[in-house]
Undergrad: 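Following this message is one structure expressed as structure tokens.
The figures here come from the full heavy-atom set of this structure, side chains too, leaving out hydrogens, waters and symmetry mates. Note that the numbering runs from 1 along the sequence shown for the chain.
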Amino acid sequence: MYLAITLARLKDFPNSCTAYEKAISMEQDHMNHLNYAITLYNHGEVDKARTHHGIFKQLYAELNQEDVEHDYEVMAQSQGLQEALSKAGNLS
């Protein structure tokens with residue numbers, strides 16, 4: 001996942017996507033899906049971003065309550081993305 005984030009920040013979107021997809025194939029971690037969704041949204045891939053954000057929410061809901069209690073930054077990122085995706089849906 002860190003390689004994917006770095007590639008996204010270096011504006012190498014295609015290789016960033018490849019790195020995210022590889023990370024997801026190796027481990028179904030909620031953060032892989034959230035970060036991928038944000039990257040996809042930032043590059044105009046709204047439908048794919050919605051898909052990965054949905055998977056993130058599903059995986060996040062399955063986590064132990066103790067693991068998510070103090071995860072404010074993650075929830076803030078997710079809520080921000082949700083708002084952006086909602087606005088993008090209204091523009092379609």
Undergrad: Please determine whether side chain to side chain contact (heavy atoms under 4.5 Å, CB included) holds for the pair Y60 and V74, giving the CA-CA distance in whole Å, both sets of side-chain angles, and the decisive distance to 0.1 Å.
TA: CA-CA 10 Å; Y60 193 81; V74 171; 4.0 Å; yes
Undergrad: State, with a plain yes or no, whether a side-chain heavy atom of Y41 is found less than 4.5 Å away from one of K48.
TA: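 A side-chain contact is absent here, since even the closest heavy-atom pair is not under 4.5 Å.
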Undergrad: With sequence neighbours left out, write down each residue that passes side chain to side chain donor-acceptor pair (under 3.5 Å) with T39, or none if nothing qualifies.
TA: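 Per chain and number, T39 pairs via side chain to side chain donor-acceptor pair (under 3.5 Å) with Y20.
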Undergrad: Apply the hydrophobic cluster definition, ILVMFWY joined by side-chain contacts under 4.5 Å directly or through others, and give me every member besides Y72.
TA: none
Undergrad: Return the set of residues passing side chain to side chain contact (heavy atoms under 4.5 Å, CB included) with D29 (not counting sequence neighbours), or none when no residue passes.
TA: E27, M31, N32
Undergrad: Can you list everything that forms a side chain to side chain contact (heavy atoms under 4.5 Å, CB included) with E62? Sequence neighbours excluded, please.
TA: Q58, L59
Undergrad: Only counting residues at least two apart or in another chain, list the ones meeting side chain to side chain donor-acceptor pair (under 3.5 Å) with D12.
TA: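 Partners of D12 under the side chain to side chain donor-acceptor pair (under 3.5 Å) test: N15.
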Undergrad: Name all residues meeting the side chain to side chain contact (heavy atoms under 4.5 Å, CB included) criterion together with A19; count only those two or more places apart in sequence or in a different chain, and write none if there are none.
TA: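 Side chain to side chain contact (heavy atoms under 4.5 Å, CB included) list for A19, sorted by chain: L3, A4, L7.
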Undergrad: Please give the remaining members of the hydrophobic cluster of M26, linking ILVMFWY side chains under 4.5 Å, ordered by chain and number.
TA: none
Undergrad: Give me the one residue out of T51, I38, L34 that meets side-chain contact (heavy atoms from CB on, under 4.5 Å) with F56.
TA: L34
Undergrad: Please set out all donor-acceptor pairs under 3.5 angstrom arising from side-chain atoms of residues 75-83, sequence neighbours excluded.
TA:
| unit_1 | atom_1 | unit_2 | atom_2 | d |
| --- | --- | --- | --- | --- |
| S78 | OG | H53 | NE2 | 2.9 |
| Q82 | OE1 | H53 | ND1 | 3.3 |
| Q82 | OE1 | K57 | NZ | 3.1 |

Undergrad: For L10 and S16: C-alpha separation, side-chain torsions, deciding distance, then whether side chain to side chain contact (heavy atoms under 4.5 Å, CB included) applies.
TA: CA-CA 9 Å; L10 291 171; S16 175; over 6 Å; no
Undergrad: In this structure, would M1 and I55 fall into the same cluster of hydrophobic residues linked by side-chain contacts under 4.5 Å?
TA: no
Undergrad: Who are the salt bridge (Lys or Arg N to Asp or Glu O under 4.0 Å) partners of D47, not counting sequence neighbours?
TA: R50
Undergrad: With sequence neighbours left out, write down each residue that passes ring-ring contact (aromatic ring centres under 6.0 Å, His included) with H52, or none if nothing qualifies.
TA: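 With neighbours one apart ignored, the set is H33, Y36.
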